[in-house]
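Proteins get letters first, then strands, A, B, ... in listed order; numbering begins at 1 in each.
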Protein chains: 2
Amino acid sequence: MKNLPHKTIERLSQYRRALLICLESGKTHIYSHEIAKIQHITAVQVRRDLMLIGYTGTLRKGYNVKELIDLIGEIIDSDEGIHVAIIGMGNLGRALINYFSGKRTQLSIVAGFDINPDKIGNTMSGVPCFGLDDLDRLIQTLDIKIGIMTVPADFAVEVADRLVRAGVKGILNYTPKPVNVPKGVYLEEYDMITSLEKVAFYVKMHNDEE
Amino acid sequence: MKNLPHKTIERLSQYRRALLICLESGKTHIYSHEIAKIQHITAVQVRRDLMLIGYTGTLRKGYNVKELIDLIGEIIDSDEGIHVAIIGMGNLGRALINYFSGKRTQLSIVAGFDINPDKIGNTMSGVPCFGLDDLDRLIQTLDIKIGIMTVPADFAVEVADRLVRAGVKGILNYTPKPVNVPKGVYLEEYDMITSLEKVAFYVKMHNDEE
DNA sequence: CTAACAATGTTAACTTTTTAACAAAAAAAC
DNA sequence: GTTTTTTTGTTAAAAAGTTAACATTGTTAG
């Protein structure tokens, strides 16, 4: 199950979320076009993704929700849980913690870091906050594999370097500042300003067309 | 300057941000490979993007930072400012406000909305917070064209519908719940859980390979 | 003054991603 | 019991996006 397209990985994660909701509502089977509708994509794409992971549904009955959830889990989850840290316990960091808390047992946010002495030592939504000085040490002792960066832009490069040195294998950078990581560390960057400017561009485009 | 690829639009926004920093530091010209390095992409891609927008640099001197910033502005900015609202003044909403505040004059967050009575009537980082009841009315009177959704997932669909009905032309949905919009409204969705699960997947992949 | 160099601009090739087309088969309709 | 419908699985085509190749041309070096 190696070479799944990046986009397929993203969609699998989304399918699973939608499927979990279906499962709760008691639905046992679902059609490709139902999944597609939820995600604003085509049924063909859903079927293609599922083909790639080797899942086969039942003709005229659709896909077994429970089975599919489990299969997606086998593919994208690790066998043991993965420990995650959030660096920067500002609004964004706390938003993420609330978002994730209690959602997936596979990925658990085990530590937050900040430089603000008022925050250090406290627990926020169940996540203990440590000082940045302890970053390197705790990454190792808590076996943290992924770091989510929600620090101010000016700290981005430094924090990324420290995360890498401490042995993190994946970084999710929410800072507007691109950072560099060596081969072997997976980097995902997301920039909210870009998204907003993109929306603004297409709004303007549409306006101009009239 | 119509059919620019989506990805090019995103990169232009990022180029501009990087260029603004260069400008501040007094740099007047920049090479394609310098821009590329910052954004983790190839110099060819930078040149191709700039070709698409019709900007031409100086041989052996690179691109004029100031000119390029202005040209990107002409393409992705609107002539008049665009008003933006944030719906949901929780951690994420406030994070976004702090992020944007004072950055671009073109896009201005003019209102926030929430259901929490403690927040309504207050101003946060310069943005006044209103009750959700006033949403429809204020969208119109304040001429708000873009809504950023940072509400809990359960409210997503309802809020999106109301934004559309009130006349918003673009929605940026940070809710994990996909929403539907009619043609003519541009929708951009971003899901943090997907990003984290994607990082986790590639971390696991890399681990398995060893 | 000529050759080598270092940068841009552009076409072409390649890769990735999406969409279309259609065969197969279970279920429903008649 | 045959036909129609509906849905899956898969191959093939199309579209979108990236990378490579290379011609061009100021600038620098010799």
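- Atom CD of Q45(A) is separated from atom P of dA13(D) by 20 Å (rounded to the nearest Å).
- Listed here is the closest heavy atom pair of Y15(B) and Q45(B): OH-O, 4.1 Å.
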Next on the checklist: Within the 4.0 Å limit for protein heavy atoms, which parts of nucleotides 3-16 of chain C are touched? Write it as a string from 5' to 3', B for base, S for sugar-phosphate only, - for none.
Outcome noted: --BBBBBBBB----
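- Rounded to an integer number of Å, the gap from K7(B) NZ to dA15(D) P is 19 Å.
- Salt-bridge check for K177(A) with D154(A): failed, with every basic side-chain N at 4.0 Å or more from each acidic carboxylate O.
- Distance NE2 (H40(A)) to P (dT18(C)): 15 Å, rounded to an integer number of Å.
- We find that CD of Q39(A) is positioned 13 Å from P of dT18(C), with the value rounded to whole Å.
- Atom CD1 in I41(A) sits roughly 14 Å away from atom P in dT17(C) (whole-Å rounding).
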Next on the checklist: Checking D49(B) against R47(B) for the salt bridge (charged side-chain N to carboxylate O under 4.0 Å, His left out) test, could you report, in this order, the C-alpha distance in whole Å, the side-chain angles of both residues, the deciding distance, and whether it holds?
Outcome noted: CA-CA 5 Å; D49(B) 285 334; R47(B) 293 206 299 275; over 6 Å; no
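- Residues K198(B) and Y186(A) approach most closely at CE-OH, 3.4 Å, considering heavy atoms.
- Between the CD1 atom of I9(B) and the C1' atom of dG17(D) there is a distance of 14 Å, rounded to whole Å.
- In this structure, K204(A) does not pair ionically with D77(B), as no charged nitrogen and carboxylate oxygen lie closer than 4.0 Å.
- Distance CG (L52(A)) to P (dT8(D)): 16 Å, rounded to an integer number of Å.
- Ion pair K66(A)/D70(A) flagged as a salt bridge, since at least one NZ, NE, NH1 or NH2 atom sits closer than 4.0 Å to an Asp/Glu carboxylate oxygen.
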